[in-house]
Amino acid sequence: MIGMGRPRAFDETEAVQAAAALFARRAFDGVSVDDLVSHLGVHRNSLYQVFGSKRGLYLRALRWSLQHQVRPLIGADTAVLVSEPALDLLLMAATERAPEDPEVAREVSTILAELDTAVRPETTATLLGMRLRARVTREG
């Protein structure tokens, strides 16, 4: 059939999940397209065809992480949240990308508002600060 490309050689959801983990560890600016290609096992052309750009993949990874990793934790005990690496991409997005990317800022603001609704805003701020500190000491 004319116009039919080759079938996709990778699982899109697995690629998004792996990208989320990579961005959580190294942040957006710390991950190159070459890093994504080698880490995800996806050809560069496939990455661009499916996600449009590194930023497109980042947004998909961030949204996946917020929906499947962070939202299920809302309302969990603070001790659980502080030890939870699932918050790392949220922290990276809030500090690195949100100040310069309005779409990322909206995603981060939405999930922070949900966290604030579950607990007091001061608790959210303390929790994220504690997670950031745990991340630094873990990786330091």
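Nothing here was measured: the structure is a model prediction, and the numbers come from that model.
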If you compare all heavy atoms of A105 against all heavy atoms of A98, which two are closest, and at what distance to 0.1 Å? CB-O, 3.5 Å
Can you check whether R25 reaches P85 side chain to side chain, under 4.5 Å on heavy atoms? no
Give the minimum heavy-atom separation between L62 and A93, together with the two atoms involved. CD1-CB, 3.8 Å
Among F51, F28, W64, which residue satisfies the ring pair (Phe, Tyr, Trp, His ring centres under 6.0 Å) criterion with Y58? F28
So which atom in L89 and which in A24 form the shortest heavy-atom distance, rounded to 0.1 Å? N-CB, 3.7 Å
CD/E96 to CG/D101 distance, rounded to the nearest 0.5 angstrom? 10.5 Å
What pairs with E114 under side-chain hydrogen bond (donor to acceptor under 3.5 Å, both in side chains), at least two apart in sequence or on another chain? R71
Rounded to the nearest 0.5 Å, how far apart are OG1 of T126 and CD of E122? 7.5 Å
At what distance, to the nearest 0.5 angstrom, does CZ of R131 lie from CG of L87? 6.5 Å
Under 3.5 Å, side chain of R26 to main-chain N/O of G30, donor-acceptor pair present? yes
Mark yes or no for whether S65, through its side chain, and A61, through its backbone, hold a donor-acceptor pair below 3.5 Å. no
Atom CZ of R55: over 12 foreign heavy atoms under 6.0 Å: yes
If you look at every heavy atom in A19 and L40, which pair is closest and at what distance? N-CD2, 3.5 Å
With side chains defined as the heavy atoms from C-beta onward, is the minimum distance between R120 and T123 less than 4.5 Å? yes
In short, L91 meets L132 closest at the heavy-atom pair CD1-N, 3.9 Å
If every non-hydrogen atom of V42 is compared with every non-hydrogen atom of V37, which pair is closest and at what distance? O-CG1, 3.1 Å
Main-chain N/O of D29 paired with K54 side-chain donor or acceptor, under 3.5 Å: no
Report the C-alpha separation of Q49 and H43 in whole Å, then their side-chain angles, then the decisive distance to 0.1 Å, and conclude whether the side chain to side chain contact (heavy atoms under 4.5 Å, CB included) test is met. CA-CA 10 Å; Q49 184 178 26; H43 293 286; over 6 Å; no
Quick one, L90 and L115 - any side-chain contact, counting heavy atoms below 4.5 Å? yes
Less than 4.5 Å apart, side chain to side chain, heavy atoms only: is that true for F23 and D88? no
So, E103 and R63, do they make that salt bridge, N to O below 4.0 Å? yes
